[in-house]
Structure formats: C-alpha cells, structure tokens
Amino acid sequence: MSKPVAVKNLIIGGGAPVSVQTMTTEKAANVSATVTQILAAERAGADIVRFAVSNAADAEAIPAIKAQTNAALVADIQRDWRLAVMAVEKGIDKVRVNPGNIGAEENIRRVADAVKAHGIPVRVGGNSGSIEKTYLQKYGLSAAALGESVLRDVSRFEKYGVTDIVISVKASSVPLTVQAYQYVAARCDYPLHLGVTEAGTEYRGVIKSSVGIGSLLLSGIGDTIRVSLSADPVKEVVAGHAILQSIGLEKNFVEVVACPTCGRCEWNAIEMARRVEELVSGIKTPLKIAVMGCVVNGIGESADADFGIAGAKGGAALFKQGKIIKTVKREQIEEEFLTMLQMEIQRKTV
Ligand code: SF4
C-alpha cells in the first residue's frame, strides 16, 4: 500500500478513496473566472483542483481563490522556483513541480524548505518530454527512462528532508504511461497521481485515459486521478468519476444500464437512456436503473437492476428486480417512468 499524504483535509494514498482532480484553464490572476471554474468543478465532484502559477500575479491571487473555494488547491509550477516558494507562502495546499525544469540544486533546496516549513506536499511530475538526458541515452524512450528520471527527481527532494511526495509519470502513449507507473510503483511507496498527458479531445481523451488510468487502478496502482481533456474541467471530473464507478471504486451513484437496441426495439430507448443519465448525474444513491429496448430480452438481461423499463407493443413495461409491475401505453411512458424514477430515488435517499 502507498504511503498516505495529506493535502488540506484530504488523504492521498494509504488506502484512502481515490480522489479526482482537474485543472482550471483560466489565468489564476483572474480570480473571479478561476473561482467560477473551481466551484463548477467542485459541484461536479472534484476533490483537488490545480491551476497554473506562471507569474507573481497568479501567486498573489492564491489567498483570494482559497477564500472562495473548498477543494484542495495545487499550484502548477513550470520553471521558476521563486513562484513555487511564493505559492507556498501564499497558502497553496500542494505544489506540482518538475524538478528537471527547476534547475540548480540550490533552487530545489529552497522549494524543499518552503514546503517543509508549511507542511504541504509536493507532486513531482515527470513526463515523457522531460526525461533526464542520461536516462534517455541509457534506456531510450521507455518506462525505465521515465521512471528512473522521476525517481532521481524525487531523491533530490528527499535529500532535503521532504517526504510528503506524490509522483506522476505521464506520457501521451497509453502503454508507456502504464509501464512507467508500474515501474515506479514497484520501486517506491509514494502515492501516485495517475493520468495520460495530452490525452486529446473529449472523445479520444476519455478513451485513452479510461484505458490507462483504468488498467492501473484495476491492478491496484494509483491514488488520485486526472483525466486530461482538451475540454471544460467539469468534463474531466465527470469522466474521472465515471472511471472510478466503472471499475467499482465508487459505489454511491445511480448507474444507468441501457441496451444498445436492435431490430426488436419498440421505442426510443436511446433517447430515454440519455435523458435519465442526465437526470441522475450527481445523485449519490446506489441505484441501478435499466432502460431496455424490448421486453423479449430486456427484462431478463437487466434482472439485477433495481427497476427499469422495456419497450413493448404499443407501450412499455415497468419492472423491478426482473418482474413486471406495470404496463403503460406509449403516450404515458415518459410520465410514468420518470415519476417512478423520482420515487425510487426518494425511497433510497430517506
Ligand atoms: Fe435488442 Fe431487446 Fe436486447 Fe435491446 S433488449 S438489444 S432491443 S433484444
């Protein structure tokens, strides 16, 4: 098991629930826009939100952003150790640095002293574009090069007494990402922040992240996740939770199962499934709802659902745990089903 690391009032690692992160796209110095994005991400279920600190104005904005938000906040520092120190002094909950970019030993020591003095953790983030040259020459572009490079960076912080460390080793290639995390997980017990970097636009990005993050989580590797998408941060958070739900790490949600439909489909089941999913998103109740195309196969196939609906000639059948409880005419489908849905949610939440 990984070592637990505290970030604000959250634990990463040590068997704590896998947390979901995202990153804002606004400039931190634009406090109101950044706060708006963070609050939207929080409503979608983000535990941790990161933003870029690219200059002193961004760092200066930290107290105001913190005062208006609840999520644990992470300052993303690219090159300047001074900004890392400033962000820490301004009250950030965690910093993300790439020590390879921070340069001289002395700079690392200053960042290390700052995080230790404020009792906050640091994420050492390596990626395939920032592998130390010696490792690239020795191992080529590989998990070993990426892993050794980041472990060397970690040791630079350890040397100055920093032990609250979270590691990431991202690549845009899913196999390389997975192998690099496996490499690091086998060699240290720091908690791991999982992600596939530059995953891409929403559709492909979600697929790449689900495969990469999902396969690692299923093998017991990973403590916090970010689905990187060229899309709104809220979409990253929703995708992150969907990954956790799909692999059974998150159970408190309404799962909508729906058949793909086929020639036996008797109604617009696809549209109803889409609407129901929208309706129940964010409801923290363990409930399974089935939206099926026909009674021929639909009811049997979704017998484990708490309740569901299946198309029938001229209407639909409403069922609970595989047993039909009511049949409704086509024009009543929507009203009857949605009423039943509300009742079931209420029944489960009281
Ligand atoms: Fe086809 Fe019915 Fe199966 Fe849906 S439940 S895929 S409509 S057979």
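In what follows, every heavy atom counts, from backbone to side chain, and hydrogens, waters and symmetry copies are set aside. Treat the numbers as computed from the prediction; the structure is a model and nothing was measured. Both ligands and their constituent atoms are indexed starting at 1 by order of listing.
Remark: Lys138 does not engage Glu148 in a salt bridge, criterion side-chain N to carboxylate O under 4.0 Å. Note on Lys3 versus Asp164: salt bridge recorded, some NZ/NE/NH1/NH2 to OD/OE distance being below 4.0 Å.
Between Gly263, Gly293, Ala269, it is Gly293 that holds the heavy atom closest to atom 7 (S) of ligand 1.
A side-chain donor-acceptor contact under 3.5 Å links Ser2 and Asp223. Counted by atom type alone, Gln37 and Thr25 present one or more donor-acceptor pairs between their side chains at under 3.5 Å.
Listed by atom number, the atoms of ligand 1 under 4.0 Å from Cys259 heavy atoms are 4 (Fe), 5 (S), 6 (S). Close approach of ligand 1 to Gly298 is summarised as follows: ligand atoms under 4.0 Å from at least one heavy atom of the residue are 5 (S). Counting the atoms of ligand 1 from 1 in the order shown, those under 4.0 Å from a heavy atom of Cys265 are 7 (S).
Within the 2.8 Å limit, Cys262 places at least one N, O or S atom next to atom 1 (Fe) of ligand 1.
Between atom CD of residue Gln182 and atom OG of residue Ser215 there is a gap of 7.5 Å, rounded to the nearest 0.5 Å.
The single protein non-hydrogen atom nearest to atom 2 (Fe) of ligand 1 is Cys294 SG, 2.3 Å, given as residue, atom name and distance.
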